[in-house]
Structures are given as structure tokens and as C-alpha cells.
Amino acid sequence: MSSQTGFDLFPDRSVVAIRVNGELKDKASTVTETDAVEPVAIDSPDGLNILRHSTAHVLAQAVQKVDPDAKLGIGPPVTDGFYYDFDVAAPFTPEDLPAIEKEMDRIIRSGQRFQRRVVTEDEARAELAGEPYKLELIGLKGGGDEESVEVGGAELTIYDNVDREGVTVWKDLCRGPHVPNTGALGAHKLTRIAAAYWRGSEKNPQLQRIYGTAWPDKGALKAHLERLEEAAKRDHRKLGKELDLFSFPEEIGSGLSVWHPRGGTIRMEMEQHARKRHVEAGYTYVYTPHITKKDLFVTSNHLVTYKEGMFPPIVMDEERDADGNVTKQGVDYYLKPMNCPMHILIYQERGRSYRDLPMRLAENGTVYRNELSGALHGLTRVRGFTQDDSHLFVTPEQLEEETTKVLEFVISMLRDFGLDDFELELSMRDDEKTKWLGSDEFWEYSTNALRHVAQASGLKYIEVPGEAAFYGPKIDLKTRDAIGRVWQLSTVQVDVNLPERFELEFTDRDGEKKRPIMIHRALFGSIERFFAILLEHYAGAFPVWLSPVQVVGIPVAEVYADYLGEIVDRLRSEGVRAELDVSDERMQKKIRSHTLMKVPFQLIAGEQDRAAGTVSFRFRDGTQDNGVAIEDAVARIHEAIDTHAQV
RNA sequence: GCCCCCGUAGCUCAGUGGCUAGAGCGUCUUACUUGUAAUAAGAGGGUCAAGGGUUCAAUUCCCUUCGGGGGCUCCA
């Protein structure tokens, strides 16, 4: 019986590794006739990871060539690319990258083989004596997810980079697999520099991380870079400024937004639509204050579990004597980081019966969270934001049915906003005993309920053990936007903790007092963040119903302003956001400005249209529809608004 | 919060250890009244983020603070 390698079985160079009995291995591995062997192509998900991880090795080798004192951290593949962490005397600067890139190119051209070698722990320690972080990893063998790239296998392995003369020029502790040689690597580009804590903990030293992107060929790399450019073009922070939608005045503070008239109009339209649908679905709106005495968050336990996310307290009514001794105890007030405790107080305001349930409270509640300054990002990560928050109080029997309704409601609402590519993530508890609150029965029951809901939705869904909140399982809904990015939006969480802490009750039909279950539901999550996502999804060209200005009238010359003005006035009286541009500019200039501001309908009229009793459309994409009868034009505009159409 | 980078007119950006800091767009004024992406001329607009230091002299060099960007961490 002869043994073969992956090279014998798959001579095709685009096969960079093999899968043997389900396990990824180097192409040079030997297999027997009884093994199930599959090729791993460079453009498959596994192949791309191998390509990127191998490119990370080349980066590390290049960095150590340029700076022999650089100590290695880890270098795994990530979405679209890879990174490698280094401990270096001075942080990298952007000027360092060209030299590193050049060295990487040289390494790749030199045609090194990636050669796997099994070592004992003692051998590894001896060989890597100069790499303190690698030594630490050896001690952690079989550890966490990221480290597993280095040492996750059953045995310790080192990958040698061997040049054409057979000389080992570099090596790294690594589980592999790798591409056979640097010739198999495609196109790469180093993208940015950052600091990152060793093994992801703030308590550890900070290493310098270099990120890169890598693809099977130049075309794929180019396409990726173009996608990045497209994403940058529709960055909501840029569009927010260009379209005059919102800003973050320094005087107010970072992470605190103000909404300009145009942005405010879009937001108002979003909120109005959502309100209407909530009311139709049996929710009632409540209003609660922005601050509260300390005790509420003591009872809810947020001052223990969420304290570092809260703004420091406002101390009220404290009095002191001349010596500074407190003579009258003050009261601490906190800005609310969550709405739930206040909604619970509304539930508790009187005794509740099973007849009151399910009780669906909704609020656009503005909350304040003391986010780390470095974590802030445009409207997606802020310190003050408004949750479209709902809390549903249900009996255990109602849980599954109500959760189903909630999920259907969420999906249907998101569709109203033009999103239609969803997937679900069911977060469950894991086997770790102490972490989770509530009985086994509760977890089993509620997790099953959510699972049924997820299955019934027909959407793609995955289950992630260990990701649940400590008080119950949850379903998160993710959506894919127009350029393929995935955002987590809605979340539906089952909670027995707060009902317990606040001793919530309802009287059941048998006269017994029982405890309701709470469902926390955020639909948009944060209105600010959802707005940002929509803004990027549409690249600023909102569907007509959301557009701040829906129609702008542009007379060919001043004398036609009256004729067009009548049409614009009529639209306004019918609730359309229509304006007439009577400024001194040329019509061409007006068309340009309003197109840049992404107004969906430009109505143009001159002598021809006035004489015929018609009007001419011009759209954002430059297309036209001339000589449309006024009645038809008006009907067309209304229809686009009513159907939430994109034009 | 931590590491790196950055902050000049409303916006996008030039520029300088020295004299009055510039451009384009936007704004205002005037003239022109035009059929599908920029009419022309003129005017106004700056404590060069703020505070401190070095210097004969600081927007420029240094420090601190504030703000922004890319990451880490965290998360809606």
C-alpha cells in the first residue's frame, strides 16, 4: 500500500491544503487509502483563512527582518484579512509600512516553503526562548479561541520557512495548516496599525498590531479595496455633514448628538411610522424621566452589574456645616442607562391580573451611558441615545406565542424600512453552572420557546451556547445592508431576573399569585444607530417617504415660478414636503445642488410645460420624465410616498 | 480608559519660527432671466481648537486639556 500526499492527489495549484477525515491539513501531509480526502481551494472559506494566516506569517517574518528585536504575539486570520501583534520598542507609524511591505514582497518572491515540524514542549521552549509571548502560549496549550491558531492542536508544531537552498530562514509556533509555499500566496496589502492588549485583556501589556488584507489574486484585492472605498463614501458621519442631518457640537460633549432640521425630519418620519405600527400591534406608549434616585438601580442591581457604564451620580440636597461635616444626608440621582426598571414600576403601580397580560409597554426612552471615550463612533456608538424599548410582561404559558409575535413584528417593521436580508442568532447558556440565574426548567422551557420561534421564522439561524444574558436566553436579529455588511439590530431577551428582584406578581385565574416573565425587546436598538445604518444602506438617497425634502420645484426662469409654485403649494397642502427654489441661480446649478442633496423628485417647468399644463420630472440618477400631466405627476408622487418606494 | 495619528474660514484643503495666513465651494450684494449637474463681478468671513511653556518673536517647537480618526476593550 503506497501513501500519497495532497500534491499527488490534487496537482492543481489552486488547492492549497487538504481536508483529511474532516480535519484541515497541509497539502504535503500523507494520507492512506482509507482516509477521506477533500481539496481545499484557495478561494474557499477555509482556503482564504489559510492564505491569510500564511500571509500573517510573512508579515511577522518581514517585521523581524526590519526590526530583529520585535517579539511575536499572535497572528490569526480575520474577516477579509489578518493581523499580527508585535512587542516593539517604539510603536509603528504609517511610514514603517512601505518598508515592511517591500520586505514581504521579497520574502514571497524568494519562494519559501512552509514546513511543519512536530516538537515536544521542551524543544519548543528551547527554540523559542527569545519569544516570551510564545512561551506563554506553550504554557496555555489548548487555550482560548485566538490562541488556538498557534497551539490549539493535539501536538505542538513549529512551521519552518525554508528557502530554495533548504535553509530555514524563519520559524513560528503554529498549529497550521499553511499554504505549501509563498508562491501560493495571492495579493495582499497592509491596511492599518493599532495597539491591542496581549490576549485581549486590559490588564496585559499593549502590543502593536498590524492589519492587512489578503486575497487569492490582484483582482480580488482590488475589488475588496473598492468595496472599502464605497463604504467610506457612504460613511454616515460624512453623509451626515454633507446632507446637513446631525452633528456633535463640542460644547455639548462627545457622544451627544444634535439633529438638524433635515435629520430631524427623517427621524420624525421614522418614529411616527414605528409608533403607528406599535399601537396597531397592541403596544401602549409610556413616558418616563431621564433621571432617578439611586435605589431603583440598586434594586435592579444595575449599580452592581452595570456601574462602570453609568454616569457618576448627581448629589442632591446634601447640607454641610462650616467644618464640612454632612448635616443632612443627600440623595444620589443617576441618569438612566436602561428603561426597564421604570417600566417595571408602571407594572407595579397596581395589582395585576392574568387578564392584564400580556402587557406591552413601549417607549422611545433616551438613556445615557458613560462609554469609554475611545469607543465612541459617529451615531453608532454614543453616550446619549434613544432606545425604541419595549417590555412585555407575560405569563409563562404566553411566552412562546408572544415571542413569536414580537419577532414577526420586528421583521415586518424592518421590511417597512427597506431591509430584507436577515438572520437570527439564538444565544443560550452553556454548561458552566454558576454563571446563570434561574432554574433548569426555566432555561429549557424558554430556550425551546425561542428555538421554536426561530425555526418557525424560516430565517437562517445559528445557536450560540454561552452567549445568553445571565438572566435568560435571547434572540438577536442581524441584517445585511446594501453593500453586504452585517449589523446587529433587534434583540429579544427573556428575563426572570428583574421580575424576581422587583417581586412582580399577577393573580392567575386560580386566584394564586404568580410571577410574570419579562421580555425585553429593542427593535431598532438605538434610533440613532438605526438611522446611521439606514443612511449608509441608502448612501443618503432615502426612499421618498423618509426624504427630508421630497419634491423641489425648479422653474426654468423666474417667470415660471408662479406656475410651478401652484403645484408645489398643492403638494404641501396634501402633506408632501415640497419646496420651490426661487433663488437667483441658474436652473442647471439648482439641479446640481438638489441632486447633491439627494432630493428624490425635481419638478421642472418652463414655457413648454406651462403651455401644455404639464411638468417635467428629473430624478437623482439623472433620468428624466418630461411633459407629465399635473394630475398624473401629483398621483405619482403620492404613490411613491405611500408605498415607501425608492425612486 | 489605553496606543498611534490628527485639529488652519460654514465645508474641503494649501501654507509659514518673522511683516497684512491663502484657495475652491458655500454665504451676502449687484448685474444677467436661461429647458435638465456649477453665469459673472464684488464683498464679508480666522484668537490657525483652548490653556500654559520655550523664544527677541509661536498658527508653526514643547507640555496639558478639549475634540476627531484608526484599533484594543466594551457594546445599542
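If you're wondering where the values come from, they're calculated on a predicted model, not measured in any experiment. So you know, we letter chains A, B, ... as the sequences are listed, proteins then strands, and number each from 1.
Ion pairing between A:Arg480 and A:Asp421 holds under the 4.0 Å rule for side-chain N and carboxylate O. In this structure, A:Asp476 does not pair ionically with A:Lys478, as no charged nitrogen and carboxylate oxygen lie closer than 4.0 Å. A salt bridge does not link A:Arg227 to A:Glu230: none of the charged nitrogens lies less than 4.0 Å from a carboxylate oxygen.
Counting distance only, with no hydrogens placed and no angle test, the side-chain atoms of A:Arg592 and the base atoms of B:A38 include a donor-acceptor pair under 3.5 Å. No N or O donor and acceptor, one from the side chain of A:Gln602 and one from the base of B:A37, sit under 3.5 Å apart. With hydrogens and angles ignored, no donor-acceptor pair under 3.5 angstrom links the side chain of A:Arg620 to the base of B:A37. At a cut-off of 3.5 angstrom, the base of B:G71 holds no donor-acceptor pair with the side chain of A:Tyr197.
For the P atoms, the distance from B:C4 to B:G45 is 41 Å, rounded to whole Å. To the nearest whole angstrom, the two C1' atoms, one in B:G46 and one in B:G7, are 14 Å apart. Nucleotides B:C6 and B:A43 place their P atoms 37 Å apart, quoted to the nearest Å. Comparing B:U16 with B:A41, their P atoms sit 29 Å apart, to the nearest whole Å. Spacing between B:C11 and B:C5 at atom C1', rounded to whole Å, works out to 22 Å. Here the separation of B:G69 from B:C56, taken at their C1' atoms, is 38 Å to the nearest Å. One C1' atom belongs to B:U55, the other to B:C13, and the distance between them is 30 Å to the nearest Å. The gap from the P atom of B:G10 to that of B:U47 amounts to 8 Å, rounded to the nearest Å.
Residue A:Leu580 comes nearest to A:Ala561 through the heavy atom pair CD2-O, 3.6 Å, listed as atom of the first residue, atom of the second, then distance.
Protein atom CD1 of A:Ile193 is 19 Å distant from nucleotide atom P of B:G69, rounded to whole Å. The NE2 atom of A:His594 sits 13 Å away from the P atom of B:G26 (whole-angstrom rounding). Nucleotide B:G35 holds its P atom 13 Å from the CG atom of A:Asn626, rounded to whole Å. Atom pair A:Arg192:CZ and B:C72:C1' shows a separation of 12 Å (rounding to whole Å applied). We find that CG of A:Asp244 is positioned 12 Å from P of B:U27, with the value rounded to whole Å. One interatomic measurement links the two molecules: CD of A:Gln206 to C1' of B:C4, which rounds to 10 Å at whole-angstrom precision. Per the geometry, CE belonging to A:Met597 stands 19 Å off P belonging to B:A37, to the nearest Å. Computed from coordinates, the A:Arg369 CZ to B:C75 P distance equals 10 Å when rounded to whole Å.
Among the heavy atoms of the strands lying under 4.0 Å from A:Ser616 is at least one base atom, whether or not backbone atoms are also near. As judged by a 4.0 angstrom heavy-atom cut-off over every strand, A:Glu607 is placed among the base-contacting residues.
Between A:His520 and A:His391, the ring-plane angle classifies as perpendicular under the 30° and 60° cut-offs.
A:Tyr306 has no side-chain polar atom (N or O) that falls below the 4.0 Å cut-off from OP1 or OP2 of B:C74. A close approach under 4.0 Å does occur between a side-chain nitrogen or oxygen of A:Lys589 and OP1 or OP2 of B:G26.
Which of B:C2, B:A37, B:C74 sits closest to the side chain of A:Arg381 comes down to B:C74. Of the listed nucleotides (B:C72, B:G71, B:U12), B:U12 has the atom at the smallest distance from the side chain of A:Lys241. For A:Ala194, the listed nucleotide lying nearest its side chain is B:G71; candidates were B:A76, B:G71, B:C3. In the set B:C2, B:G35, B:A76, B:A76 carries the atom at the smallest distance from any side-chain atom of A:Glu371. The side chain of A:Gln588 lies closest to B:A38 when the candidates are B:C72, B:A38, B:U33.
Side chain of A:His224 to main chain of A:Thr213: no donor-acceptor pair is present (N/O by atom type, distance under 3.5 Å, no hydrogens or angles).
Remark: the A:Asp609 side chain and the A:Ser616 side chain contain an N/O donor-acceptor pair separated by less than 3.5 Å. If you check the side chains of A:Gln493 and A:Asp495, you find no donor sitting under 3.5 Å from an acceptor.
Summary of the strand contacts: A:Asp625 and A:Gln387 both lie near RNA chain B, and taking for each the nucleotide with the nearest heavy atom, the more 5' one is attributed to A:Asp625.
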Please list each protein N or O that sits under 3.5 Å from an N or O in nucleotides 66-68 of chain B, with the distance.
from  : atom 1 : to       : atom 2 : distance (Å)
B:G67 : OP1    : A:Ser254 : OG     : 3.3

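No cation-pi contact links A:Arg529 to A:Phe385, judged by a cut-off of 6.0 Å to the six-membered ring centre and 45° from its axis. A cation-pi arrangement is found for A:Arg209 relative to A:Tyr83, the charged atom lying closer than 6.0 Å to the ring centre and inside a 45° cone about the ring normal.
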**Message:** If a pair means Watson-Crick or G-U wobble with both distances below 3.5 Å, what does RNA chain B look like in dot-bracket form, with | marking bases paired to a different strand?
**Reply:** (((((((..((((....[...)))).(((((.......))))).....(((((..]....))))))))))))....
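The shortest side-chain heavy-atom distance between A:Asp85 and A:Trp198 does not fall under the 4.5 Å cut-off.
B:A76 has its base stacked against the ring of A:Phe385, the centroids being under 5.5 angstrom apart at an interplanar angle below 30°.
With sequence neighbours excluded, the residues that form a ring pair (Phe, Tyr, Trp, His ring centres under 6.0 Å) with A:Phe531 are A:Trp259.
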